[in-house]
Amino acid sequence: MAQRWRFWAALWTGRAVSRLLRAAGRKATTLPGVVALRLFPAFFAAVGERFSGKIVLITGTNGKTTTSNLVGGWLRDNGWRVVSNRLGANLVQGLATAVVEQLPLTRREREAAVFEVDEATVEKIVEDLAPRVVVVTNFFRDQMDRYGELDRVVDLVAGALDRVPESCVCLINGDDPLAVRAAPNGKTVKFYGLEAPEWLEPAAREVREGKFCGICGHPLSYSGFFYGQLGEWGCPGCGMERPKPDPAARHIRLSGGGLVFEVDGLPAELNSPGLYNVYNVLAAYGAVRALGLSAEQVRFGMAHIRTGLGRLERFKVQDRPVVLALVKNPTGLNEQLKVVERTPDVTDVVLVLNDLYADGTDVSWIWDADLERLKEKGFERVWCAGTRAEDMAIRVRYAEWPGEIRVIRDPAACVGAALDAGRADRPGGTVYILTTYTSLYALRDWLLHRGGVEDDDPQTDDWTPLPGSARSVQ
Amino acid sequence: MTLKLTIGHLYPDLLDLYSDRGNVMILEKRARWRGIEVDVVRVDAADAVDLRSCDVVVMGGGMDREQSLVARDLQVRRTNVEQAVASGTVVLAICGGYQLLGEYFETGSGERIPGIGVLDVYTVAGERRMVGNVMAECDLDGQTETVFGYENHSGRTYLRPGTEPWMRVVRGDGNNGGDGTEGARKGRVFGTYLHGPLLAKNPRLADWLIRLALERQGVQERLDGLGDRWEEAAREHLARRMAELDGMESPHVGTGKK
Ligand SMILES: [Zn+2]
């Protein structure tokens, strides 16, 4: 009883801090959580108890935000109350802040917590939270300035999965041999993946991870790649091979600028042509099913999937289509460049490269990305912006991009110039913006201010970073 | 007569941790843009390639697991590497590759992974990771050249007496965070911790290595300028930015603030 009182005292103090920060016009993504944790160190254990297992943790390099948005959206569609962290605040303090700001006073049958969690943070909270589902999306090189090498990141997540409770389902991307390496023994594990031989590319032109078997060290062999090191893999050394996917995505095809496919016989439709999003849909589907939703309950949601908040978000500015996407590592950038390739009538591509802590202070990763793809797509100009704009310009130069390279450091000014430049010759042409993390929100605000989202989709609205996440508190 | 440059890319699969493959691309394109023919030869573990056929050999760094595989394979190539170097082949090794060219790498548990000793240096595992932008200086044909790169290593490398450092650190940690040296050179063998990739923002260094490699064929080539305007702008901007960044790096993620 005393414990419960201390939990709520910590929570209310944190909430007061959050109000003060917001009243002062500051963003409050970590401090309220820091305060609550300091006052009550067993904070996460109390949260775990409160949700009695109805907690979903999503970790991995790419796709965490989209997956947790999908899980949260489908749960809310079905009348669930959801506490979730947004704005990528996915370290311990960020998770605590989300709880501080959003946890409703009264308990309900249908409520859940959905957290995207940094790969190095899962092990710190997994025992206390005792989740029902842990999703592992994939592992790619990312933020090496912070974590050192990728093997270490995989080990950290594997260590966390070893400590999930009996009742937990580990939902792992089976097409990624590195994610499979993190699968624990003696726990419930499901592997999701694509049953889409027509999408397999024979050879990887990209830099890829995990070329060697996690068990015996033999080089892996592939019948084909979906992207990065994701594909149909097997080890000739020890016989380990890609697990049969469940859930699986089938019959994937391009349709009207997006993708249509099937999951467990349910039709799904995505408004963007990024294959990586099919994995996010599979992970989210697996997670809500594990929480108890039926296939019927997600039928509508699956048929209208809109990516939002910097994950290929579409805007209309002065009648020109503008697409904004977050890129933070080579694989992510490669996937976005493929999306640019699949989009008809692109006039300008804006690449924003920053080197603040949240972006990663090492910008050399752009040399691992396949910017050579740019020259295969006919468009007018490449623009480079951000704190390391010139570094990007150099990379584009060596990719032998034949068109014009323009550098304008200020991201918004750069996008403005790109919009103006294309208007004269192809007023209906699309401007693509690929940006690292720290310019994402400023650019998004700028685009909203100058124009708006392309269509008023309720799901896109739901994913707007509302202060205090009013919608989910209700 | 058309000039031809042969670049050997050592262990492109095993040592691909950072962006160092970019160095191969930069050497290749800078030579091609001047009408020099280029052949890039991949050398994977167990491949029978005589390195004497290469004018320049480039190697990067890898993860621990991969690096120990390379350490074994390199032992087999040791004599061949020495022969190539004696024949004038230029060797550029970055980070893990640099460590393996030294005498040994001593792990945290005291185990010594042998290198091939073409550089008189040795490396000891350290606790603190040395991470961040680096500004250093080296000598290019009697002129001091400022070099920009990015380091990310916990191994500390020490030079044996009489061994020349390749550069002197202006900002950053360099070989061991203590003696102000960065990298090592011995004749035509160069080792450094600098990623970036190294040659991206240091076009004069890239061209100098190309000239050195061509010299091996008895060619004294004056390379035409390539109008490296982004490179010059990047160098100038980074010099200013490094001063700025000193006060800005914070351990907080996800504020969404610009
Ligand atoms: Zn194996």
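Chain letters run A, B, ... following the sequence lines, proteins first, then strands; residues in each count from 1.
Expressed to the nearest 0.5 Å, how far CG of B/Asn23 lies from CH2 of A/Trp367 amounts to 8.5 Å. Separating the CZ atom in A/Arg397 from the CG atom in B/Leu226 is a distance of 5.5 Å, to the nearest 0.5 Å. Here the straight-line distance linking atom CZ of B/Arg32 with atom CD of A/Glu400 works out to 8.0 Å at 0.5 Å rounding. Summarising the geometry, atom OG belonging to A/Ser364 is positioned 9.0 Å from atom CG belonging to B/Asn152; distances are rounded to the nearest 0.5 Å. In this structure, CD1 on A/Ile394 lies 8.5 Å from CG on B/Asp228, to the nearest 0.5 angstrom. The distance from atom CG of B/Asp16 to atom CZ of A/Arg141, rounded to the nearest 0.5 Å, is 4.5 Å.
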task = Might you work through the salt bridge (charged side-chain N to carboxylate O under 4.0 Å, His left out) test for B/Arg235 and A/Asp391, ending with a clear yes or no?
result = CA-CA 9 Å; B/Arg235 294 163 61 84; A/Asp391 284 74; over 6 Å; no

task = Might you work through the side-chain contact (heavy atoms from CB on, under 4.5 Å) test for B/Leu14 and A/Phe212, ending with a clear yes or no?
result = CA-CA 9 Å; B/Leu14 287 162; A/Phe212 304 91; 3.2 Å; yes

request  = Given salt bridge (charged side-chain N to carboxylate O under 4.0 Å, His left out), test A/Glu390 with B/Lys201 step by step and report yes or no.
outcome  = CA-CA 9 Å; A/Glu390 296 89 351; B/Lys201 284 184 287 293; over 6 Å; no

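Proximity to chain B (any heavy atom under 4.5 Å) is shown, for A/Ile366, by neither the backbone nor the side chain. Both the backbone and the side chain of A/Tyr398 come within contact range of chain B, judged by heavy atoms closer than 4.5 Å.
Heavy atoms only, all atoms of each residue included: A/Ile405 and B/Arg229 are closest at O-NH2, 4.4 Å.
Interface check for chain A: of the options B/Lys29, B/Met25, B/His237, the most heavy-atom pairs under 4.5 Å are formed by B/His237.
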